[in-house]
Amino acid sequence: MSLYRTHTCAQLRKENIGETVKIAGWIHRRRDHGGVAFIDLRDHYGITQVVCGPTNPHFEKLTHLRAESVISIEGEVIAREAGTENSELGTGEIELRVVNFEVLSEVTQDLPVPIFGELEYPEDVRLRYRFLDLRRETLHKNIMLRSNIISSLRRRMNEAGFFEFQTPILTASSPEGARDFLVPSRLHPGKFYALPQAPQQFKQLIMVAGFDRYFQIAPCFRDEDARADRSPGEFYQLDIEMSFVSQDDVFAAIEPVLSGVFSEFSTWEADAAPFVRIPYKEAMLKYGSDKPDLRNPLIISDVTEVFKRDDVTFNAFKGTIANGGVVRAIPAPNTADKPRSFFDKLNEWARKDMQAAGLGYITFAAGEAKGPIAKFFTPEALELLKSLSGVGENDTVFFACDTEDKAAKLAGQARNRIGDELGICEKNVYRFCWIVDFPMFEWNEDEKKVDFSHNPFSMPQGGMDALLNQDPLTINAYQYDIVCNGVELSSGAIRNHRPEIMLKAFEIAGYGAEVVEEKFGGMLNAFRYGAPPHGGLAPGVDRMVMLLADTPNIREVTMFPMNQNAQDLMMQAPSNVSNKQLRELSLRVAVQD
RNA sequence: GCGGGCGUAGCUCAGUUGGUUAGAGUAUCGGCCUGUCACGCCGAGGGUCGCGGGUUCGAGCCCCGUCGCUCGCGCCA
């Protein structure tokens, strides 16, 4: 039996009445009636009400302890008086009458943030006193949710026949990708380790080593600036790799894991396997994004041909189209009676936030086409427009006209805004989809050359034959993303395990064999000693927890987050180091404090 | 690096057109109270209005600068 407690603060029930027990925890709240005082004692598990009468020798001390002091109380479990039970507490039918108590840790100064209640507090104070913030119910629950999700992921992966392996934290800087965190080497002056941006090469080497199916809750480090949904510096992935698989095999392996976890930890409906698969091109056209939120029912369409017609005289768009631009149509159903401000606001947003020329629109109401640009259309053109964009009476259609990339992006963002404004998106569901058939290469306009569009290690569809005989910009890769509610959880790929195909792919992107051998020689060389076809992916754990906790901010699901400027306000990181430490590392700091 | 928002008591906030001694709730301390569960009632203490400069007879309020936090852009194989 523990020195401090026989039960937790969530355990005691009517069945325990009459027992003498000990509980320990934090003073959550105190209600002192003079003649009788109540203390809510809180631990990780719950809250138990402690009652203390005026004749109790401990009354004076107990009623003067500040909130959040830690005490251990020995007492008798008694039934609450009839009518004073609290149905909101599991322990609400009983209370503990104090017999003896011990102060384990007394609070003697003002709390920088109150624990009780769920008010909002300044982020910097919360981060500086994270250990207090973490006591608060919502955050405490989120962190436990995270813990439980990770347990469940491990269990599901193990059950699916995957093995968990650790990969190095101190490794080599890799040439492409995000900025690396560097760690100076003491033994090799002037040289640096890098923290892994992801265990990409290691997991492929694990496949080459014959372990067949790997996973890891892998820490990843990228020295990039923060966002609300992106911690500065570090995050976790459910890193997965499998041997002897096609794209479909990877999907089939991971779908039940994701679907299962989302069903397990939420009351919301989660899509069951198999998830919808949307080719990249189709996603960019219909949703204006490679991470479409399928809760939004709006579908974008291409209406360039309408604006090309001779009986349509809207010259602003015609000029853009003549220069290779396109027009995308975003429907806004049942908006005929929206006030002018609804349309103006969207237009203003497009101009200011999106730096677009604007969003033209036509509203169909009472058998007429209304709006600033409606007069440029003949009835025939309007009919074609309606059928292409899927709008009808009482609907509006908005237009995004620009180069294909920009028009798609503007239309996609407009789709999100319109869906939100109209309140037509599904609620309380998790909608998953795979985005497949990403292009292998893309045209880099700045450098006038072909670049890899995503991961250079992905296998091109069509293999060597495609690389030799096809226009590179038309080649797709076995590269895929998984998206949930508009959040990109993960990208992944069937890897290119054939050295000659890899060298050819790099050659197309302008990298000679020497460069590839130098930068990726380790892995390339490994592939020359017998490598299985393999592929995988790496869903973001933090993102999954955010979705399941239904919070837009990653700090709400991270135990000890840094602030937006990549500082740990509690541990004071980053910090200065001593000259001795610098000397050992052969470093000299070039800036003064 | 750039743009937006915020900054008044430990915490949450109010503060009118620039005008007396900057207020409330909560927390803290003291007093009263035997059934509360956001207990209640009375009282007290608590302020460099982020910081610096300027305009003005007078600045929490207006102007300039700066710092901090945050959201976004850039960045993110």
Side-chain angles (χ1 to χ4, degrees), chain A residues 28-42 47-56 59 63-68 78-89 91-92 95 97 107-129 132-133 136 173-180 194 196-201 204 220-233 235 237 352-355 413 438 451-458 479 488 491-493 495 509 519-520 538 540 552-553 555 562-565 567 569:
Chain A
H28 190 58
R29 205 156 171 84
R30 222 178 44 213
R31 292 173 296 279
D32 180 0
H33 293 245
V36 63
F38 302 98
I39 288 172
D40 291 338
L41 198 66
R42 182 196 74 237
I47 287 178
T48 298
Q49 175 165 284
V50 174
V51 63
C52 187
T55 56
N56 190 305
F59 185 85
T63 53
H64 282 84
L65 283 171
R66 291 200 194 196
E68 297 308 310
I78 57 174
R80 290 204 191 186
E81 288 179 14
T84 67
E85 301 91 347
N86 185 344
S87 58
E88 287 174 26
L89 287 181
T91 59
E95 58 195 352
R97 183 157 58 203
V107 173
T108 54
Q109 44 193 325
D110 287 347
L111 290 168
V113 291
I115 309 304
F116 177 78
E118 284 288 336
L119 288 171
E120 288 188 31
Y121 304 98
E123 190 90 32
D124 51 335
V125 179
R126 292 182 56 193
L127 292 177
R128 196 179 308 278
Y129 297 95
L132 293 180
D133 198 26
R136 297 167 63 209
S173 178
S174 82
E176 84 307 351
R179 207 175 289 117
D180 282 319
Q197 295 185 21
Q200 180 65 36
Q201 294 192 53
Q204 293 193 237
C220 303
F221 305 91
R222 295 175 193 174
D223 188 2
E224 299 298 339
D225 290 343
R227 290 289 182 275
D229 63 350
R230 196 168 81 202
S231 289
F235 61 97
Q237 291 181 336
K352 281 203 169 142
D353 292 13
M354 298 300 293
Q355 294 174 346
Q413 302 254 18
F438 277 86
D451 269 350
F452 287 112
S453 65
H454 288 85
N455 188 329
F457 305 126
S458 304
Q479 163 102 33
E488 181 192 323
S491 55
R495 320 297 174 187
K519 301 292 189 191
F520 308 106
N553 194 307
R555 290 184 297 275
M562 294 199 283
N563 69 9
Q564 191 173 41
N565 294 324
Q567 296 164 304
L569 298 176

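Each chain gets a letter, A, B and so on, in the order the sequences are listed, and its residues count up from 1.
- Comparing B:G47 with B:A22, their P atoms are spaced 12 Å from each other, to the whole Å.
- Taking atom P in both B:G19 and B:U36, one finds a spacing of 47 Å when rounded to whole Å.
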Between the protein and nucleotides 2-10 of chain B, list the N/O to N/O atom pairs that are separated by less than 3.5 angstrom.
from, atom 1, to, atom 2, distance (Å)
B:G10, O2', A:Leu111, O, 3.3

| query | Does the side-chain contact (heavy atoms from CB on, under 4.5 Å) test come out yes or no for A:Arg29 and A:Phe38, once each step is laid out? | reply | CA-CA 8 Å; A:Arg29 205 156 171 84; A:Phe38 302 98; over 6 Å; no
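- For the pair A:Gln200 and A:Arg495, the minimum side-chain heavy-atom distance is below 4.5 Å.
- Contact check for A:Glu123 versus A:Gln564: no side-chain heavy atoms found under the 4.5 Å cut-off.
- Rounded to an integer number of Å, the gap from OH of A:Tyr121 to C1' of B:A27 is 10 Å.
- Nearest heavy atom pair, residue A:Ala509 against residue A:Phe452, reads CB-CE1, 3.6 Å.
- A:Arg126 places its CZ atom 17 Å from the C1' atom of B:G68, with the value rounded to the nearest Å.
- Using a 4.0 Å heavy-atom criterion, one finds that A:Ala198 contacts the bases of the nucleic acid, with or without backbone contacts as well.
- Contact detail for A:Ala79 and A:Glu95: the closest heavy-atom pair is O-OE2, 4.3 Å.
- Going from the C1' atom of B:U16 to that of B:U20 covers 16 Å, rounded to whole Å.
- Nearest heavy atoms, A:Asn563 versus A:Pro232: O-CG, 3.3 Å.
- Comparing the P positions of B:G68 and B:C63 gives an interatomic distance of 22 Å, to the nearest angstrom.
- Distance, A:Asp180 CG to B:C75 P: 18 Å, rounded to whole Å.
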Protein and nucleotides 71-74 of chain B: nitrogen or oxygen contacts under 3.5 angstrom:
from, atom 1, to, atom 2, distance (Å)
B:C71, OP1, A:Asn553, ND2, 3.0
B:C71, OP1, A:Arg555, NH2, 2.8
B:G72, OP2, A:Ala228, N, 2.8
B:C73, OP2, A:Arg227, NE, 2.7
B:G74, N7, A:Arg227, NH2, 2.6
B:G74, O6, A:Asp225, OD2, 3.4
B:G74, O6, A:Arg227, NH1, 3.0
B:G74, O6, A:Arg227, NH2, 3.2
B:G74, N1, A:Asp225, OD2, 2.5
B:G74, N2, A:Asp225, OD2, 3.2

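- Nucleotides B:G53 and B:G72 have their C1' atoms positioned 31 Å apart, rounded to a whole Å.
- Taking the P atom of each, B:U56 and B:A9 are spaced 30 Å apart, rounded to whole Å.
- Proximity of A:Asn86 to A:Gln49: side-chain heavy atoms (C-beta onward) are nowhere separated by under 4.5 Å.
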Taking only nitrogen or oxygen atoms into account, show me every contact under 3.5 Å that the protein makes with nucleotides 31-41 of chain B, one pair per line with its distance.
from, atom 1, to, atom 2, distance (Å)
B:C33, N1, A:His33, O, 3.3
B:C33, O2, A:His33, O, 3.4
B:C33, N3, A:Asp32, O, 3.4
B:C33, N3, A:His33, O, 3.3
B:C33, N3, A:Gly34, N, 3.2
B:C33, N4, A:Gly34, N, 3.3
B:U34, OP2, A:Gly35, N, 3.3
B:G35, O6, A:Glu81, OE2, 3.4
B:G35, N1, A:Glu95, OE2, 2.8
B:G35, N2, A:Glu95, OE1, 2.7
B:G35, N2, A:Glu95, OE2, 2.8
B:U36, O4', A:His33, NE2, 3.2
B:U36, O2', A:Arg31, NE, 3.4
B:U36, O2, A:Arg31, NE, 2.6
B:U36, O2, A:Arg31, NH2, 3.1
B:U36, O2, A:Gln49, OE1, 3.4
B:U36, N3, A:Gln49, OE1, 2.9
B:U36, N3, A:Gln49, NE2, 3.0
B:U36, O4, A:Gln49, NE2, 2.8
B:U36, O4, A:Arg80, NH1, 3.2
B:U36, O4, A:Thr84, O, 3.4
B:C37, O4', A:Arg31, NE, 3.0
B:C37, O2, A:Gln49, OE1, 3.4
B:C37, O2, A:Asn86, ND2, 3.1
B:C37, N3, A:Arg80, NH1, 2.8
B:C37, N4, A:Thr84, O, 2.2
B:A38, O3', A:Arg29, NE, 2.9
B:A38, O3', A:Arg29, NH2, 3.2
B:C39, OP1, A:Arg29, NE, 2.5
B:C39, OP1, A:Arg29, NH2, 2.9
B:C39, OP2, A:Arg29, NE, 2.9
B:C39, OP2, A:Arg31, NH1, 3.2
B:C39, N3, A:His33, ND1, 3.3
B:C39, N4, A:Asp32, O, 2.6

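- Atom-to-atom, CZ of A:Arg222 to P of B:C75 comes out at 15 Å; the value is rounded to the nearest Å.
- The nearest whole Å value for the distance from the CG atom in A:Leu65 to the P atom in B:U28 is 12 Å.
- Closest approach of A:Leu89 to A:Arg80, counting heavy atoms only: CD1-NH2, 4.1 Å.
- Here A:Arg30 pairs with nothing under the side-chain hydrogen bond (donor to acceptor under 3.5 Å, both in side chains) rule; sequence neighbours left out.
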| message | Please determine whether salt bridge (Lys or Arg N to Asp or Glu O under 4.0 Å) holds for the pair A:Asp110 and A:Arg66, giving the CA-CA distance in whole Å, both sets of side-chain angles, and the decisive distance to 0.1 Å. | response | CA-CA 9 Å; A:Asp110 287 347; A:Arg66 291 200 194 196; 3.1 Å; yes
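- To the nearest angstrom, P of B:A77 lies 16 Å from CZ of A:Phe221.
- Annotation: side chain of A:Leu132 is in contact with side chain of A:Pro112 (closest heavy-atom distance under 4.5 Å).
- The CZ atom of A:Arg136 sits 13 Å away from the P atom of B:C11 (whole-angstrom rounding).
- When all heavy atoms of A:Met562 and A:Arg555 are compared, the closest pair comes out as O-CD, 3.8 Å.
- Rounded to an integer number of Å, the gap from CG of A:Asp223 to P of B:G1 is 13 Å.
- With both ends at atom C1', the span from B:U17 to B:C62 equals 12 Å, rounded to whole Å.
- Taking the C1' atoms as reference points, B:G3 lies 39 Å from B:G46, given to the whole Å.
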| query | What dot-bracket string describes RNA chain B from 5' to 3', counting Watson-Crick and G-U wobble pairs whose defining distances are under 3.5 Å, with [ ] for crossing pairs and | for pairs to another strand? | reply | (((((((..((((.....[...)))).(((((.......))))).....(((((..]....))))))))))))....
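- Residues passing the ring pair (Phe, Tyr, Trp, His ring centres under 6.0 Å) test with A:Phe116 are A:His28, sequence neighbours excluded.
- Applying the 6.0 Å contact sphere to CZ of A:Phe221 captures more than 12 heavy atoms from other residues, nucleotides or ligands.
- Here the closest heavy-atom approach between residue A:Gln479 and residue A:Phe438 is recorded as O-CD1, 3.3 Å.
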